[in-house]
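Worksheet: the structure to be examined is printed underneath.
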Amino acid sequence: MNPFKKFLKQKIKNKNKLLVVAHRGAAGYAPENTMAAFYKAKELKSDYIELDIQLTKDGQIVVIHDEKVDRTTNGIGEVKNFTYSELEKLDAGEWFHQKFKGEKVPTLKQVLLDFYGKIGILIEIKHPSIYPGIEQKLTKLIKEVIGEELEETQIIVQSFDFELLQRLNKISPSIPLGLLVKYRVHGISKAQLKDWTSVVKYINPNKSLITKKLVKKVHSYHVKVIPYTVKDKKTIKGLVNAGVDGIVTDYPDYVVEFNE
Ligand code: G3P
Ligand code: CA
């Protein structure tokens with residue numbers, strides 16, 4: 001097993017260290033969901049990169065957060081209306097800073113080829129209702145790039161949509177799954193937790209939902225808790241006191257520092 005894979009496998013078992021998850025890459029330092037952001041995350045010693053996927057008009061899985069390209073590229077329109085050859089002509093870096101001019105919207109395949117086995121990859125399926133069948137495409141791509149030898153700590157797939165995760169679990173039970181929970185929920189019931197944890201290995205709530213009691217409850221199902229999205233050092237302390245297993249952050253160096 002390569003040294004990084006071994007390292008991540010051991011780190012996941014280590015209850016005293018936080019998993020460092022770089023949100024959309026290191027989105028505080030580089031344009032989100034670009035290769036530059038993922039390389040920055042690696043440079044900062046993150047354990048995982050988090051990224052968002054959608055489908056182009058010609059069925060390519062691409063890495064971009066919003067339904068529209070407007071905020072993070074120099075183009076206008078919905079991702080689903082672009083072919084990949086149209087999408088890759090857009091600039092996905094200059095909006096963040098001039099020095100990132102030339103960054104492109106990556107395909108998930110490019111990211112897997114560059115990063116699998118070198119950093120963990122947390123894939124969020126965005127807007128699944130717009131992209132029927134995205135889960136089949138994703139599992140096919142993972143198999144195509146990685147083969148049957150998927151080391152289960154290296155890739156996690158997450159979504160806010162539990163039904164999608166149930167479908168994914170049926171298609172490919174070896175891929176670890178995470179359920180995202182929005183801040184608008186009012187409490188998480190025992191029945192929900194029982195249902196969810198029969199399918200997922202991670203419950204990843206908005207940071208504002210985290211309490212010691214909730215983390216303890218989730219842990220009693222042997223499931224990890226990795227809240228999102230931290231942008232300051234103060235919040236890390238509160239989450240650590242509550243017992244979380246990792247933190248999704250725009251500034252992975254803050255969490256790395258905390259681990260030291
Ligand atoms: O990892 C969870 C987080 O990425 C969910 O929120 O909107 O940044 O995709 P969002
Ligand atoms: Ca995300």
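Note that the structure is predicted; figures quoted are calculated from it, not measured. Computed from heavy atoms alone, side chains included, the values below leave out hydrogens, waters and symmetry copies. Just follow the structure's listing: the first ligand is 1, and inside any ligand the first atom is 1.
- By the 30° and 60° cut-offs, the orientation of the rings of Y251 relative to Y29 is perpendicular.
- Short contacts between ligand 1 and R24, defined as distances under 4.0 Å to a heavy atom of the residue, involve ligand atoms 7 (O), 8 (O), 10 (P).
- Neither the backbone nor the side chain of V21 has any atom closer than 4.0 Å to an atom of ligand 1 (non-hydrogen atoms only).
- Looking at E124 and E50, their side chains come closer than 4.5 Å, going by heavy atoms from C-beta outward.
- Here E124 contributes OE1 and E50 contributes OE2, and at the Ca ion (ligand 2) these two atoms make an angle of 100°, given to 10°.
- Of the polar atoms of Q158, at least one N or O is found under 3.5 Å from an N or O of ligand 1, judged by distance alone.
- Across all their heavy atoms, K207 and P227 have their closest contact at CA-CB, 4.0 Å.
- A side-chain donor from one of N204 and Q158 sits under 3.5 Å from a side-chain acceptor of the other.
- Using a 3.5 Å distance cut-off with no hydrogens or angles, the side chains of S159 and D161 do not pair a donor with an acceptor.
- Among protein heavy atoms, the minimum distance from atom 5 (C) of ligand 1 is reached at E124 OE1, 3.5 Å.
- Distances below 4.0 Å separate heavy atoms of L180 from the following atoms of ligand 1: 2 (C).
- Between the side chain of K224 and the main chain of I12, a donor-acceptor pair closer than 3.5 Å is present.
- Near K126, meaning under 4.0 Å from any of its heavy atoms, are these atoms of ligand 1: 7 (O), 9 (O), 10 (P).
- Among the heteroatoms counted here (N, O or S) of D52, OD1 is the one nearest to the Ca ion (ligand 2).
- Atoms of ligand 1 lying under 4.0 Å from at least one heavy atom of D52, given by number and element, are 9 (O).
- Using a 4.5 Å heavy-atom threshold, the side chains of L180 and Y228 count as touching.
- Using a 4.5 Å cut-off on side-chain heavy atoms (C-beta onward), D47 and K11 make contact.
- Contacts between L122 and ligand 1, counted as non-hydrogen atom pairs separated by less than 4.0 Å, are absent for every part of the residue.
- With ligand atoms numbered from 1 in the order given, ligand 1 contributes 1 (O), 2 (C), 3 (C), 4 (O) to contacts under 4.0 Å with heavy atoms of E50.
- Judged purely by distance below 3.5 Å, without hydrogens or angles, the side chains of Q54 and Y131 pair a donor atom with an acceptor atom.
- Close approach to H23 involves these atoms of ligand 1, each under 4.0 Å from a residue heavy atom: 3 (C), 4 (O), 8 (O), 10 (P).
- Residue-to-ligand polar distances place H65 within reach of ligand 1: an N/O pair is separated by less than 3.5 Å.
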